[in-house]
**Q** 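Handing you this structure, nothing more for now.
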Protein chains: 2
Amino acid sequence: MMSDAPGGETLLFLTDEQLRQGIEAMFFAYRGFTADPDRILAGLAYGRAHHRAIHFINRAPGTTVNNLLILLGVTKQSLNRVLRTLVEDGLVQSKVGKSDKRERHLFLTEAGEALERKLSDAQRARMRAAYRAAGPQAVAGFRQVLESMMDNDLRRRYQALKDSST
Amino acid sequence: MMSDAPGGETLLFLTDEQLRQGIEAMFFAYRGFTADPDRILAGLAYGRAHHRAIHFINRAPGTTVNNLLILLGVTKQSLNRVLRTLVEDGLVQSKVGKSDKRERHLFLTEAGEALERKLSDAQRARMRAAYRAAGPQAVAGFRQVLESMMDNDLRRRYQALKDSST
DNA sequence: ATTGGAATGTCAACAAGACTGACTTAAACT
DNA sequence: AGTTTAAGTCAGTCTTGTTGACATTCCAAT
């Protein structure tokens, strides 16, 4: 059971029921979050995995395969299959590294950028509507809770991405 | 481009870059959100799909198969496979409806409740830590944005679940 | 200079979890 | 009696993930 006011502040927002509602909100919201890009991808021969790869290559152009698979949290074999189709279809270009020729640096082609724009436009539209409905203060809280929910190493990578685009 | 202060309030939180950061936060946070239960389930012969079924049967005991598959957003064939193993393993009980004998009402057995507790304890622990770190105001904002992000019909179902447990 | 380790890629096999389509059974509604 | 609804089943497919084994290339350290 939860006792209240150990620091002069009520902790009612930490009850099991409140946490359970947060868990369900997270589950349902994530469905909405992926729904629009999924609809677009269903038409093409791609899935969510392709979307994620395209997103992060766009976000960090020239990233290595190794960096990408850590960001995505998948094995290199799994990522490789996705990457191969994207390269074959001319959406992604893979360039051998200059200083270290073992590494491959990944870039979107123009066609890749076009698809990225289409997908993220759809996703941002929903995000924008939600942000607008909730207001700036709610958005700040939203971001704060999400960041606290991440694993430590992913939070660091997330921060690095944020900082790189300032 | 985004102009500001149409209602006396700056809209800087609605820039594409802010939205993009929100999208990435959502992606990374969801990984953390599922990480702990996934670790537990990996040991047993179950996956995320079993977790979701168990969660909602616990949340709405006596729910019908039809209701459950709408909540989960999967086909009956997909749900059926999961449900069958849970019934076989004695975690879920399926009772023929009284007023309508076509319906099956689903309940957790004691073993099912035990696993549910184990899984949701782990998930709530992370949620609680995140909530505590962010504070009650941030949590309110978090919930608000998530609700705005849901599809309309799912938001209604989410609200119904919330109200049913007051 | 050779050896060891790291980064990448490839092949093969496999499993979870989703999908569609077709079909059955039983019950309920009209 | 005929239609619709709820649930379950069978078969086949797809995406996305997993291991394990192995080749290549290159860097770095002994």
Side-chain angles (χ1 to χ4, degrees), chain A residues 27 30-31 34-35 37-57 62-89 92-107, chain B residues 27 30-31 34-35 37-57 62-89 92-107:
Chain A
F27 172 68
Y30 201 79
R31 289 254 292 280
T34 55
D38 280 0
R39 249 188 299 276
I40 294 172
L41 291 158
L44 321 169
Y46 297 131
R48 224 177 266 181
H50 300 85
H51 179 197
R52 294 195 288 252
I54 288 174
H55 174 98
F56 285 110
I57 295 173
T63 187
T64 63
V65 173
N66 216 15
N67 185 48
L68 191 54
L69 63 87
I70 293 171
L71 275 181
L72 297 176
V74 297
T75 59
K76 63 179 174 174
Q77 293 92 331
S78 196
L79 176 57
N80 195 254
R81 185 180 16 192
V82 166
L83 233 35
R84 189 170 36 205
T85 69
L86 290 175
V87 169
E88 278 169 6
D89 297 354
V92 167
Q93 202 186 353
S94 156
K95 292 183 187 170
V96 173
K98 280 184 182 170
S99 58
D100 187 338
K101 290 175 192 163
R102 291 169 302 180
E103 295 180 342
R104 303 298 139 91
H105 299 279
L106 303 168
F107 302 87
Chain B
F27 172 68
Y30 201 80
R31 289 255 292 282
T34 55
D38 280 359
R39 249 187 300 276
I40 295 173
L41 291 158
L44 321 169
Y46 298 131
R48 221 176 267 182
H50 300 84
H51 180 196
R52 292 194 290 251
I54 287 174
H55 174 98
F56 284 109
I57 294 173
T63 186
T64 63
V65 172
N66 219 7
N67 185 47
L68 190 55
L69 62 86
I70 292 171
L71 274 181
L72 296 176
V74 296
T75 58
K76 64 176 174 176
Q77 293 91 329
S78 199
L79 176 57
N80 194 255
R81 180 176 16 150
V82 166
L83 232 36
R84 191 168 36 204
T85 70
L86 290 175
V87 170
E88 277 170 6
D89 296 355
V92 167
Q93 202 186 354
S94 155
K95 292 183 186 170
V96 173
K98 279 184 181 171
S99 57
D100 187 335
K101 289 177 192 164
R102 289 171 306 179
E103 295 180 340
R104 303 298 139 88
H105 298 280
L106 303 168
F107 301 88

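Throughout, a chain's letter reflects where its sequence line sits, starting with A, and its residues are numbered from 1. Everything quoted here is computed from the prediction, not taken from an experiment.
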**Q** Where does the chain B footprint on DNA chain D start and end, counting 5' to 3' with a 4.0 Å heavy-atom cut-off?
**A** dT5(D) to dC10(D)
**Q** State, with a plain yes or no, whether a side-chain heavy atom of Leu83(A) is found less than 4.5 Å away from one of Ile57(A).
**A** yes
**Q** Quick check: any donor-acceptor pair below 3.5 Å linking the side-chain of Arg81(B) to the base of dA18(C)?
**A** yes
**Q** Give His50(B) one of three labels, base, sugar-phosphate or nothing, depending on what nucleic acid heavy atoms sit under 4.0 Å from its own.
**A** sugar-phosphate
**Q** Which whole-number value in Å describes the distance from Tyr46(B) OH to dA15(C) P?
**A** 18 Å
**Q** Which of these nucleotides, dC19(C), dG5(C), dC23(C), is closest to any side-chain atom of Thr75(B)?
**A** dC19(C)
**Q** For a 4.5 angstrom cut-off between non-hydrogen side-chain atoms, does Ile70(A) reach Val65(A)?
**A** no
**Q** If you look at every strand shown and take non-hydrogen atoms under 4.0 Å, does Thr85(A) touch a base, only sugar-phosphate, or nothing?
**A** nothing
**Q** Please confirm whether any donor atom in the side chain of Gln77(B) sits under 3.5 Å from an acceptor in the base of dG17(C), or the reverse.
**A** no
**Q** Quick check: any donor-acceptor pair below 3.5 Å linking the side-chain of Arg102(B) to the base of dA26(C)?
**A** no
**Q** Is any side-chain nitrogen or oxygen of Asn66(A) closer than 4.0 Å to OP1 or OP2 of dA6(C)?
**A** no
**Q** Asp100(A) or Val82(A): which one's nearest nucleotide on DNA chain D is closer to the 5' end?
**A** Val82(A)
**Q** Determine the contact category for Gly97(A): base if any of its heavy atoms lies under 4.0 Å from a base atom, sugar-phosphate if only primed atoms, P, OP1 or OP2 are that close, otherwise nothing.
**A** nothing
**Q** Atom NZ of Lys101(B) to atom C1' of dC29(C): distance rounded to whole Å?
**A** 15 Å
**Q** Between C1' on dT8(C) and NE2 on His105(A), what's the gap in Å once rounded to a whole number?
**A** 12 Å
**Q** Once you round it to whole Å, what is the distance between C1' of dG17(C) and CG of Asp38(A)?
**A** 15 Å
**Q** Can you sort out the partners of Tyr46(A) under ring pair (Phe, Tyr, Trp, His ring centres under 6.0 Å), two or more places apart, ordered by chain and number?
**A** His50(A)
**Q** Can you sort out the partners of Arg102(A) under side-chain hydrogen bond (donor to acceptor under 3.5 Å, both in side chains), two or more places apart, ordered by chain and number?
**A** Asp100(A)
**Q** Does the dG9(C) base have a donor-acceptor partner in the side chain of Arg84(A) within less than 3.5 Å?
**A** no
**Q** If you take all heavy atoms of Ser94(B) and Leu106(B), which pair is closest and at what distance?
**A** CB-CD2, 3.9 Å
**Q** Round to a whole Å and report the spacing from CG of Leu68(A) to P of dG9(C).
**A** 11 Å
**Q** Look at the aromatic rings of Tyr30(A) and Tyr30(B) and report parallel, tilted or perpendicular, splitting at 30° and 60°.
**A** parallel
**Q** State, to 0.1 Å, how close Leu86(A) and Ala53(A) come at their nearest heavy-atom pair, and which atoms those are.
**A** CD1-CB, 4.2 Å
**Q** Starting at CD of Glu103(B) and ending at C1' of dA27(C), how long is that distance when rounded to a whole Å?
**A** 10 Å
**Q** Is the distance from OP1 or OP2 of dG9(C) to the nearest side-chain N or O of Arg104(A) less than 4.0 Å?
**A** yes
